[in-house]
Amino acid sequence: VEEFVFNNYPEKNIAFAIEEEPLGTGGGIANALKMCHNDAVLVINGDTFFNVDYQLFYKQHLHHNSDFSIALKPMKNFDRYGTVLYDHQHRITAFKEKEFKEEGNINAGVYIVEKEVFLEMNWPEKFSMEKDFMEKYAGSFLMHAFPFDNYFIDIGIPEDFQRAQQDFKSLFK
């Protein structure tokens with residue numbers, strides 16, 4: 001994260017972590033983390049876009065001495081996503097299942113992971129980042145949440161994929 005955020009995107013070698021078979025979200029992340037050189041690693045879901053202030057996100061991660069930080073998107077009137085609960089110190093206390101909510105904060109698929117802390121947990125080869133890590137360790141791990149009320153889209157349904165085609169034209173002029 002530090003190189004990405006503070007060196008204004010210098011040219012870097014890119015390594016690809018190839019999965020011979022699906023490893024689940026957690027297994028895929030653990031596999032990729034083994035190739036990373038930095039302690040703090042920015043992880044972004046490939047099927048969402050969240051316009052996060054990465055410098056602020058990283059500063060918050062450091063300030064809270066977090067091992068795992070999640071960027072949250074505040075939402076209104078939704079049922080497609082579960083919600084993330086956190087206390088006044090931004091420590092995540094729980095993840096709630098999908099149900100209609102008038103308002104809440106959702107996991108927007110942008111994380112900062114402390115590589116060594118995460119890999120020391122001796123994960124199986126295949127596991128779910130959401131179920132086997134986030135939900136299981138909420139409240140017992142230095143896991144913090146930081147809301148950003150910026151543009152977010154999840155292209156997991158055809159309507160939003162089509163909407164992204166139009167939105168991105170204006171976002172990335």
Heavy atoms, side chains only, cut-off 4.5 Å: are P74 and F148 in contact? no
Are I106 and F57 linked, directly or through intermediate hydrophobic residues, by side-chain heavy-atom contacts shorter than 4.5 Å (ILVMFWY only)? yes
Sub-4.5 Å side-chain heavy-atom contact between I112 and V43: no
Reported CG-to-NZ distance for the pair D53 and K59, which is rounded to 0.5 angstrom: 8.0 Å
Quick one: CE on M143 to NE2 on H64, what's the gap to the nearest 0.5 Å? 15.0 Å
Qualifying residue for side chain to side chain donor-acceptor pair (under 3.5 Å) with S66, from Q60, R91, H144: H144
What orientation do Y81 and F78 show, parallel under 30°, tilted 30 to 60°, or perpendicular over 60°? tilted
Salt bridge R163-D167, side-chain N to carboxylate O under 4.0 Å: yes
F146 ring center within less than 6.0 Å of H90 ring center: yes
Strictly below 4.0 Å, N to O, side chains only: are K98 and E130 in salt-bridge contact? no
So, do N77 and F100 sit near enough that their side-chain heavy atoms are less than 4.5 Å apart? yes
Check whether any side-chain heavy atom of I70 lies under 4.5 Å from a side-chain heavy atom of I92, and answer yes or no. yes
Residue list, ring-ring contact (aromatic ring centres under 6.0 Å, His included) with F68, at least two apart or on another chain: Y111, F133
Could you give me the CA-CA distance, side-chain angles and deciding distance for E21 and E125, then say whether side-chain contact (heavy atoms from CB on, under 4.5 Å) is met? CA-CA 10 Å; E21 59 183 74; E125 184 180 18; 5.6 Å; no
In the structure I gave you, are the side-chain heavy atoms of Y151 and F50 within less than 4.5 Å of one another anywhere? no
Run the numbers on I18 and E20 for side-chain contact (heavy atoms from CB on, under 4.5 Å), then give the verdict. CA-CA 6 Å; I18 308 292; E20 297 299 327; 4.1 Å; yes
I need the minimum non-hydrogen distance between A17 and A32, along with the two atoms involved. CB-CA, 3.7 Å
For the atom pair CD (E114) and CG (L119), what is the distance rounded to the nearest 0.5 Å? 11.0 Å
Note, M121 side chain near F141 side chain (heavy atom, < 4.5 Å): yes
For residues A164 and I155, report the shortest heavy-atom separation together with the two atoms involved. CB-CG2, 3.8 Å
Straight-line distance of M129 CE to N107 CG, nearest 0.5 Å: 9.5 Å
With a 4.5 Å cut-off on side-chain heavy-atom distances among I, L, V, M, F, W and Y, is there a chain of contacts connecting L142 to L42? no
With hydrophobic residues grouped by side-chain heavy-atom distances under 4.5 Å, do Y54 and L171 end up in a single group? no
Gap between atom NZ of K115 and atom CE of M35 - 0.5 Å precision: 11.5 Å
Donor-acceptor pair, distance only, cut-off 3.5 Å: does the side chain of K73 make one with the backbone of N105? no
Do E99 and D79 have side chains that get closer than 4.5 Å, going by heavy atoms? no
Would you say T93's side chain and L85's backbone share a donor-acceptor pair under 3.5 angstrom? yes
Is it the case that over 12 heavy atoms from other parts of the model lie below 6.0 angstrom from the CZ atom of F161? no
A quick test of your reading: do over 12 heavy atoms of other residues, nucleotides or ligands sit less than 6.0 Å from CD of Q165? yes
Working to the nearest 0.5 angstrom, can you tell me the gap between K136 NZ and F127 CZ? 10.5 Å
For the side chain of N45 and the backbone of T48, is there at least one donor-acceptor N/O pair under 3.5 Å apart? no
Short question: side chain of N38, backbone of V41 - any donor-acceptor pair under 3.5 Å? no
Please step through salt bridge (Lys or Arg N to Asp or Glu O under 4.0 Å) for the pair R80 and D160, ending with a clear verdict. CA-CA 12 Å; R80 185 171 157 196; D160 284 347; 2.5 Å; yes
Any donor-acceptor pair under 3.5 Å linking the side chain of D132 with the backbone of S128? yes
For the pair K101 and E103, evaluate salt bridge (Lys or Arg N to Asp or Glu O under 4.0 Å) and give the outcome as yes or no after the intermediate values. CA-CA 5 Å; K101 292 281 188 187; E103 62 183 284; over 6 Å; no
Who passes ring-ring contact (aromatic ring centres under 6.0 Å, His included) against F168, sequence neighbours left out? F49, F172
Is there a donor-acceptor contact under 3.5 Å from the side chain of S69 to the main chain of A145? no
pair F152-N51: side-chain heavy atoms closer than 4.5 Å: no
